[in-house]
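Atom set for the values below is all heavy atoms of this structure, side chains included, hydrogens, waters and symmetry mates excluded. When a ligand or atom number is given, it counts from 1 through the structure's own listing order.
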Amino acid sequence: MKPRIGFLGTGWIGRHRMEAMLESAAIEAIGIADPSPEMAQQAAQLAPHAQVVDGLAALLALEPDGIAIATPSALHADQSIAALERGLAVFCQKPLGRTAGEAKAVVEAARTADRLLAVDFSYRYTEGMRRIAELVRGGDLGRLYAADLVFHNAYGPDKPWFYDAAQSGGGCVMDLGVHLVDLALWLFGEDVSEVSSRLYAKGDPLKPGDARVEDYAVAQLTLAGGASVRLACSWRLDAGQDAVIAADFHGTEGGAALRNVNGSFYDFTAEHFRGTAREMLASPPDAWGGRAAVDWAQRLVAGERFDPTAQELVRVAAVLDRIYGR
Ligand SMILES: NC(=O)c1ccc[n+]([C@@H]2O[C@H](COP(=O)([O-])OP(=O)(O)OC[C@H]3O[C@@H](n4cnc5c(N)ncnc54)[C@H](O)[C@@H]3O)[C@@H](O)[C@H]2O)c1
């Protein structure tokens, strides 16, 4: 029987991931909850047999096997814990928590309940990153010693809650930097020993206690083995194009880079560099956006329970804490 899934938060990304899971035919959507009737109705059009209910408690009362959470970021940890404590598997949007403490509490709840917990670190699932990860793991780049990771969204989010720290947990680092930190930790597989960072809001260095969220950030991570990772991310930067997204990795035997194409948020190339030569590893089209969601759904079908690699989610949140100087 297909896992019966409830969808909590069916705004832009919630509906996109729901559609991907439905198209995979791996799951059955049984419930939808979103305080916006318009968003709930749009989701119901994708899944006409799902029941639209009023909030998390009502969604849990339908006794789904799992829940997909795509609500404003500050809600993720508490909602994930509530679902896990009821014995549900959870697929949560990033960030899992606003702090390492929150992320750890969710991972511990998943461990205790022995339920599959995954977070939508969607860029891992681009064909380009998959190929780069293959090169790194196969030793083709030699020993990795540096990475430059960039995510500039020249528009910034269009929903007001992203700019309210109480609802978002932070600005562009919480929204975009989290993907970059995840990619770095995933590929290097090492702990972070040193972190330095600078956060800005409208060009002003952010001071402790400033109520504004950061819209530009740079960070330098030094990993346990000495490798260097430089990160930069922003909202509303004068970037000359919609987005600048790049992940460059440098090893003793070669390099590799994921780059967005013509400012696109969706189209990427991946290349393998050897000296001045380059080889294309991946290019558009690549429908990667829903892959993490479908992967979780398929693992649920396979009966998977708690996955100890969920501990990586706490490590990512801990690096964000250090970037924020907490
Ligand atoms: N993985 C990715 O690459 C990726 C991409 C975009 C967004 N996201 C994440 O997805 C989340 C949602 O982002 P979005 O752009 O879809 O935002 P959105 O504002 O479009 O959607 C959020 C939805 O949650 C609903 N909501 C608010 N409170 C709720 C509650 N208590 N219970 C149920 N629903 C509630 C809102 O009405 C809204 O429809 C964010 O955390 C964001 O960081 C992840």
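Expressed to the nearest 0.5 Å, how far CD1 of I5 lies from CD of E28 amounts to 9.5 Å.
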Output side-chain donor-acceptor pairs under 3.5 Å for residues 37-64, partner residues at least two apart or in another chain, one line each.
{"from": "Q42", "atom 1": "OE1", "to": "R15", "atom 2": "NE", "distance (Å)": "3.4"}
{"from": "Q42", "atom 1": "OE1", "to": "R15", "atom 2": "NH2", "distance (Å)": "3.0"}

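Taking the charged nitrogens against the carboxylate oxygens, E23 and R17 have no contact shorter than 4.0 Å, which rules out a salt bridge. For D182 and K94, the salt-bridge test fails: no basic side-chain N is under 4.0 Å from an acidic carboxylate O. R305 has a carboxylate O that lies under 4.0 Å from a charged side-chain N of D114, or vice versa, which qualifies the two as a salt bridge. A salt bridge between R274 and E279 is present, with a side-chain N of the basic residue lying under 4.0 Å from a carboxylate O of the acidic one. Using a 4.0 Å cut-off between charged nitrogen and carboxylate oxygen, D204 and K202 do not count as a salt-bridge pair.
Those atoms of ligand 1 with a heavy atom of G9 less than 4.0 angstrom away are 24 (O), 33 (C), 34 (N). Shown in contact with R17 at under 4.0 Å from a heavy atom are these atoms of ligand 1, numbered in order with element: 1 (N), 2 (C), 3 (O). If you number the atoms of ligand 1 from 1 as listed, the ones under 4.0 Å from a heavy atom of S73 come out as 40 (C), 41 (O), 43 (O). Every atom of ligand 1 with a heavy atom of S122 under 4.0 Å away is listed here by number and element: 1 (N), 2 (C), 3 (O). Close approach of ligand 1 to A33 is summarised as follows: ligand atoms under 4.0 Å from at least one heavy atom of the residue are 33 (C), 34 (N). Near M39, with a cut-off below 4.0 Å to any heavy atom, the atoms of ligand 1 are 39 (O). Numbered from 1 in the order shown, with element, the atoms of ligand 1 that lie under 4.0 Å from a heavy atom of L8 read 32 (N), 33 (C). Of all atoms in ligand 1, listed by their number and element, those nearer than 4.0 Å to a heavy atom of H76 are 41 (O).
The nearest protein atom to atom 27 (C) of ligand 1, hydrogens excluded, is given as P72 CD, 3.4 Å; this is a heavy-atom distance. Nearest protein neighbour of atom 14 (P) of ligand 1, counting heavy atoms only, is K159 NZ, 3.9 Å. In terms of protein heavy-atom proximity, atom 26 (N) of ligand 1 is nearest to P35 CD, 3.6 Å. Counting protein heavy atoms only, atom 23 (C) of ligand 1 is closest to D34 OD2, 3.6 Å.
Checking W12, F7, F265 against atom 6 (C) of ligand 1, the nearest heavy atom belongs to W12. The option with the heavy atom closest to atom 30 (C) of ligand 1, from among H179, Q93, M174, Q79, is Q79. When A43, P37, A70 are ranked by how near their heavy atoms come to atom 12 (C) of ligand 1, first place goes to A70.
Taking only nitrogen or oxygen atoms, main chain and side chain alike, I13 reaches within less than 3.5 Å of ligand 1. Residue-to-ligand polar distances place W161 within reach of ligand 1: an N/O pair is separated by less than 3.5 Å.
With a 4.0 Å heavy-atom cut-off, ligand 1 is reached by no atom of P157. Here L75 has side-chain heavy atoms under 4.0 Å from ligand 1, and that is the only part of it that gets that close.
Y145 places no side-chain N or O within donor-acceptor distance of the main-chain N or O of G226, the cut-off being under 3.5 Å.
Residues W235 and Y155 place their aromatic rings such that the two centres sit no closer than 6.0 Å.
Looking at Q298 and S24, their side chains never bring a donor and an acceptor atom within 3.5 Å of each other.
Residue pairs meeting the ring-ring contact (aromatic ring centres under 6.0 Å, His included) criterion with at least one partner in residues 75-107, sequence neighbours excluded, are F91-W296.
No more than 12 heavy-atom neighbours from other residues, nucleotides or ligands sit within 6.0 angstrom of CZ on R198.
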